[in-house]
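Some notes on the structure that comes next.
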Amino acid sequence: MTDAQIGLSIATPVIVIFAITLYRMGVLQRTGVVSAVIAAIAIAASLFLQR
């Protein structure tokens, strides 16, 4: 694995956990959480597979 792939595999779960935490705090709505999670996973997957 390259350094970029390691960074993606660390950053993506952090983004997902952060979005869920903000939802539980009442800052984000459910659609915002779903959008953030789908976008983070899609970006990470595309960048991970391009390498």
Side-chain angles (χ1 to χ4, degrees):
M1 283 176 87
T2 64
D3 290 338
Q5 290 173 330
I6 292 170
L8 284 171
S9 62
I10 292 171
T12 303
V14 170
I15 293 170
V16 171
I17 291 170
F18 192 66
I20 292 171
T21 302
L22 288 175
Y23 172 71
R24 288 186 178 178
M25 291 173 56
V27 177
L28 286 178
Q29 295 179 356
R30 185 179 306 251
T31 55
V33 173
V34 171
S35 300
V37 169
I38 290 173
I41 291 172
I43 291 168
S46 70
L47 292 175
F48 191 85
L49 294 174
Q50 284 180 3
R51 283 279 181 197

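One is the number of the first residue; the rest follow in order along the sequence. Keep in mind it's a predicted model, so treat the numbers as computed, not measured. Quick note: numbers below take in every heavy atom, side chains included, and nothing from hydrogens, waters or symmetry partners.
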Residues which pass side chain to side chain donor-acceptor pair (under 3.5 Å) with R24, listed by chain and number, not counting sequence neighbours:
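With sequence neighbours excluded, R24 shows a side chain to side chain donor-acceptor pair (under 3.5 Å) to no residue whatsoever.
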
Residues 15-23, side-chain donor-acceptor partners within the protein, below 3.5 Å, at least two apart:
residue	atom	partner	partner atom	Å
T21	OG1	I17	O	2.8
Y23	OH	R30	NH2	3.1

Minimum heavy-atom distance T12-A44, with the two atoms named:
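Closest approach of T12 to A44, heavy atoms only: OG1-CB, 3.1 Å.
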
Report whether I41 and L28 are members of the same hydrophobic cluster (ILVMFWY, side-chain heavy atoms less than 4.5 Å apart, transitive linking).
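Yes.
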
Path from V14 to I6 over hydrophobic side-chain contacts below 4.5 Å:
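In one cluster: no.
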
What distance do L49 atom CG and Q5 atom CD have between them, rounded to the nearest 0.5 Å?
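The CG atom of L49 sits 8.5 Å away from the CD atom of Q5.
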
Any donor-acceptor pair under 3.5 Å from S46 side chain to I43 backbone
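Indeed, once roles are kept as given, a pair shorter than 3.5 Å links the two residues.
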
